[in-house]
Amino acid sequence: MTSLLDARDIAVPGRLAPLDLRVAVSERVAVIGPNGSGKTSLLRALAGITEPAADIAVGGERIADASPARRRKLLAFLPASREVRWPIPVRDVIALGLDRADPARIADLLEALDLTALSERPVDTLSTGERARALLARALGPRPRLLLLDEPLSNLDPAWALRTLDLLAGAARAGAALLVSVHDLALVRGFDRVLMLAEGQLVADGTPADVLGSARFGEVFGVEPAGTGWKLRPSEDPRSSR
Ligand SMILES: Nc1ncnc2c1ncn2[C@@H]1O[C@H](COP(=O)(O)OP(=O)(O)OP(=O)(O)O)[C@@H](O)[C@H]1O
């Protein structure tokens, strides 16, 4: 496999046990796990936010040695928080992600995320889902080689969640690798590979079918398949003890 991301000994003391991770060119990886299992900690550690950048290389370039401008070409991190305090127009939020003025790229991103009509609106006046799309446009803008996206599908209506998966697939086809934390397990099948975290440990790494079909999955999440969705396992269901 041609690795795009090669990370060794990624750890956040007390939150994420040390792990090594390789992700291939064009690979779409979903990161799943219950609340507090370490998904954000993993993504932030890979982005070099929480901890001093460990041994992380993207496309063979060590992140710790890259200039800020070069880092923007190598990776982008989208935080789970949609909070933006400044009243900056949507167009300028997207422009801030780019190295240089590029009106054509901004127009393409506005169109892809159906934000053209909102482009002059201050971003803090958008709905949460609209703001999520504006922040995703900003992350995609510089066409980074690695996209670290924390819950990019949360706050989106079903159609926008699927459209966003299509946009991400397009970025992957163009050569990006993706690590994406996902809570909606129905959307996990749109990824090539799933990492499952539990209590700060990587406990499964495989295809969506393998991970979601495993006995470990039921233990970690406390749910089991029911029809097209999930139900609480009897041991997790407070009604079962009544
Ligand atoms: N700044 C912090 N200081 C101390 N502990 C923290 C901090 N941030 C996160 N933690 C703890 O680290 C653990 C992992 O948190 P993390 O945010 O990585 O989980 P997560 O899987 O992204 O959760 P969620 O699904 O709720 O977003 C949790 O127990 C959390 O309480």
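Just so you know, ligand 1 is whichever comes first in the structure, and atom 1 is the first atom listed for that ligand.
- Between the side chains of Asp150 and Ser181, at least one donor N or O lies within less than 3.5 Å of an accepting N or O.
- Contact between Gly33 and ligand 1 is absent, with no heavy atom of the residue lying under 4.0 Å from the ligand.
- When every heavy atom of Asp102 is checked against every heavy atom of Leu98, the shortest pair comes out as CB-CD1, 4.1 Å.
- Here the protein heavy atom with the shortest distance to atom 21 (O) of ligand 1 is Lys39 NZ, 2.7 Å.
- Using a distance-only test at 3.5 Å, with no hydrogens or angles considered, a donor-acceptor pair links the side chain of Arg133 to the main chain of Asp114.
- In this structure, of Asn35, Leu43, Thr40, Val12, the residue bringing a heavy atom nearest to atom 22 (O) of ligand 1 is Thr40.
- No side-chain N or O of Ser3 forms a donor-acceptor pair with one of Asp6 less than 3.5 Å apart.
- Every atom of ligand 1 is numbered from 1 in the order shown, and the set under 4.0 Å from a heavy atom of His183 is 25 (O).
- Side-chain contact, Arg44 with Thr40: no donor N or O sits under 3.5 Å from an acceptor N or O.
- For atom 3 (N) of ligand 1, the closest non-hydrogen atom on the protein side is Arg15 NH2, 3.5 Å.
- Applying the 4.0 Å criterion to heavy atoms of Gly38 picks out, from ligand 1, the atoms 14 (C), 18 (O), 19 (O), 20 (P), 21 (O).
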Fill in: Derivation and outcome, side chain to side chain contact (heavy atoms under 4.5 Å, CB included), residues Glu120 and Val90
CA-CA 6 Å; Glu120 305 306 332; Val90 170; over 6 Å; no

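- Note: an N/O pair closer than 3.5 Å links Gly36 and ligand 1 by distance alone.
- Distance screen at 4.0 Å: atom 30 (C) of ligand 1 has no protein heavy-atom neighbour inside the cut-off.
- Looking from atom 16 (P) of ligand 1 to the surrounding protein, the closest heavy atom is Ser41 OG, 3.7 Å.
- Leu4 has its side chain out of reach of Val23: every pair of non-hydrogen atoms, C-beta onward, lies at least 4.5 Å apart.
- The pair Asp124-Arg85 does not meet the salt-bridge criterion, since no charged nitrogen lies less than 4.0 angstrom from a carboxylate oxygen.
- Scanning the protein heavy atoms around atom 27 (O) of ligand 1, the nearest turns out to be Glu151 OE2, 3.6 Å.
- Residue contacts with ligand 1, taken as heavy atom pairs separated by less than 4.0 Å, involve Pro34 solely via the backbone atoms N, CA, C and O.
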